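Labels below follow one simple rule: chain letters A, B, ... track the order of the sequence lines, proteins then strands, and each chain is numbered from 1. Quick caveat: nothing in here was measured; it's all calculated off a predicted structure.
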There are 2 protein chains.
Amino acid sequence: MVYFCVVKEDKNISKAERTRQFIIEKTAPIFNKKGYAGTSLSDITEATGLTKGSIYGNFADKDEVALAAFDYNIARMRAVTSAEMAKHNTAREQLLAYVEVYGNYMKYSFQTGGCPIMNTTVDADDTHPVLKSKVCQVMMAWKDRVAGLIEKGIANKEFKKDTDSEQTALTLFAMIEGAILINQATGRLDYRKKVLQSAEKLIKDL
Amino acid sequence: MVYFCVVKEDKNISKAERTRQFIIEKTAPIFNKKGYAGTSLSDITEATGLTKGSIYGNFADKDEVALAAFDYNIARMRAVTSAEMAKHNTAREQLLAYVEVYGNYMKYSFQTGGCPIMNTTVDADDTHPVLKSKVCQVMMAWKDRVAGLIEKGIANKEFKKDTDSEQTALTLFAMIEGAILINQATGRLDYRKKVLQSAEKLIKDL
DNA sequence: TCAAAAATATACCGATCGGTATTAAAAATT
DNA sequence: AATTTTTAATACCGATCGGTATATTTTTGA
């Protein structure tokens, strides 16, 4: 299990930095659930137990909270997947671990309302250009990370050498996100499992 | 090209029904872009050129407009895919047409901001139970529709008889939605194409 | 320990939110 | 064409929105 800094007691960092972090931790799941427009300042004050004065003493505006919350959610996802992938050695096992962890993200990330990449893409598209560019960067980074892993596997002769690493990475990403979406819409865990099975088959056939 | 009723001139239906339809047509793309919480009544009055009085004369509340707009968006999607699939005879060709049309949905549906199923799932989940149950129904219907087509293909001896029709349908759906998501987040058309290529390969290997 | 600085709470701002009662206009019925 | 009925516009409601100036409390450094 990966733990995240509950920073409230750390005396080496300033009070401001501590509450800033505290606010981010408490609001990140709310932004993920309700979206940017759907999350109000009263949601933020309610979740933190702080007042508006305190929030605006640590952040310039709601935007800054939302952006920090997004970064936090992504960092969490990355930490969890990295930790799980690090337990394996071969590229194939690492890819399978990636699908396992990411696809079952909800299990690992205590009910935060689905994948932040998907949520933010849908939420920020057409409405919030800054957040949109952030989510674009993150998605590209994911793709490159997985594609790099596949290329490592090709170099290691684990995978067929005619594999299109980018296409495979994108397809895996699509399948995982699609699996999460289906699960979110229907509540059917077995549906998600079926799609992830297909993703695993794809990896095994590489 | 499929046309949708521009109902303004039809004298056989009441004025109320005409403006009701007019409001739905004008607001459906807005709800799809901005989401339920993100779409305000001023968005609605601005898009229609009508006043609040008129809106509330034809709908009980914002909810009712949102629900009708969702139904309209889904009906549109369904009409477009059905029309394109009807042009083909074999199950394989119909499946390919389905991926073609749905995956390139944005092209067919003049910039309405992505797939309504995905948008509504993300938007309504955790916030709007009625819309959530609607989107669940729709997704199940899509799945059954595609699975039924695959079963037809199996019966016709077009596809291998050990194919899991439900798993394949779900996987195709996931890949298509994933492709749309990637495209929406990155703006990269070639990424979407690469994922859809994988979906086509899956169909060809059935 | 005590003053300076930083952080939080309070009280308030104009704008906008969804929604409604009432009035004016347009459509349908005779 | 006149009248009734329906539909749309106006003006307004309380609540909440994001945000801020000011006062109070809490940290912090000397």
Please report the distance, rounded to the nearest Å, between [atom1] in [X] and [atom2] in [N].
X	N	atom1	atom2	answer
A/F59	C/dA6	CZ	C1'	16 Å
A/K34	D/dT16	NZ	P	13 Å
A/E17	C/dA6	CD	C1'	14 Å
B/I55	D/dT10	CD1	C1'	15 Å
A/F22	C/dA7	CZ	C1'	15 Å
A/L50	D/dT26	CG	P	14 Å

Is [X] near enough to [N] that one of its side-chain N or O atoms lies under 4.0 angstrom from OP1 or OP2?
X	N	value
A/T51	C/dT8	no
B/S40	C/dT16	no
A/R18	D/dT28	yes
A/S42	D/dT16	no
A/Y56	D/dG19	yes
A/N58	C/dA7	no

Parallel, tilted or perpendicular: rings of A/W142 and A/Y98 (30°, 60°):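 A/Y98 and A/W142: tilted rings.
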5' priority, DNA chain D, between A/D43 and A/G53 [closest heavy atom]: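 Whichever sits nearer the 5' end wins; that is A/D43.
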In plain terms, say whether [X] and [Y] are close enough for a salt bridge, that is, a side-chain N and a carboxylate O under 4.0 Å apart.
X	Y	result
B/D125	A/K33	no
B/D126	A/K34	no
A/D190	A/K194	no

Sugar-phosphate, base or nothing in reach of B/T39, heavy atoms under 4.0 Å: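 Sugar-phosphate, no base atom in range.
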Check: D/dG19 base within 3.5 Å donor-acceptor of A/K52 side chain: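 Between D/dG19 and A/K52, which were checked side chain against base, a qualifying N/O pair under 3.5 Å is present.
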Nucleotide of D/dG18, C/dA9, D/dA8 approaching A/L41 most closely (side-chain heavy atoms):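 Given the options D/dG18, C/dA9, D/dA8, the side chain of A/L41 is closest to D/dG18.
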Under 3.5 Å donor-acceptor, A/E84 side chain and A/V101 backbone: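 No, the answer is negative, given that no donor and acceptor are paired below the 3.5 Å cut-off.
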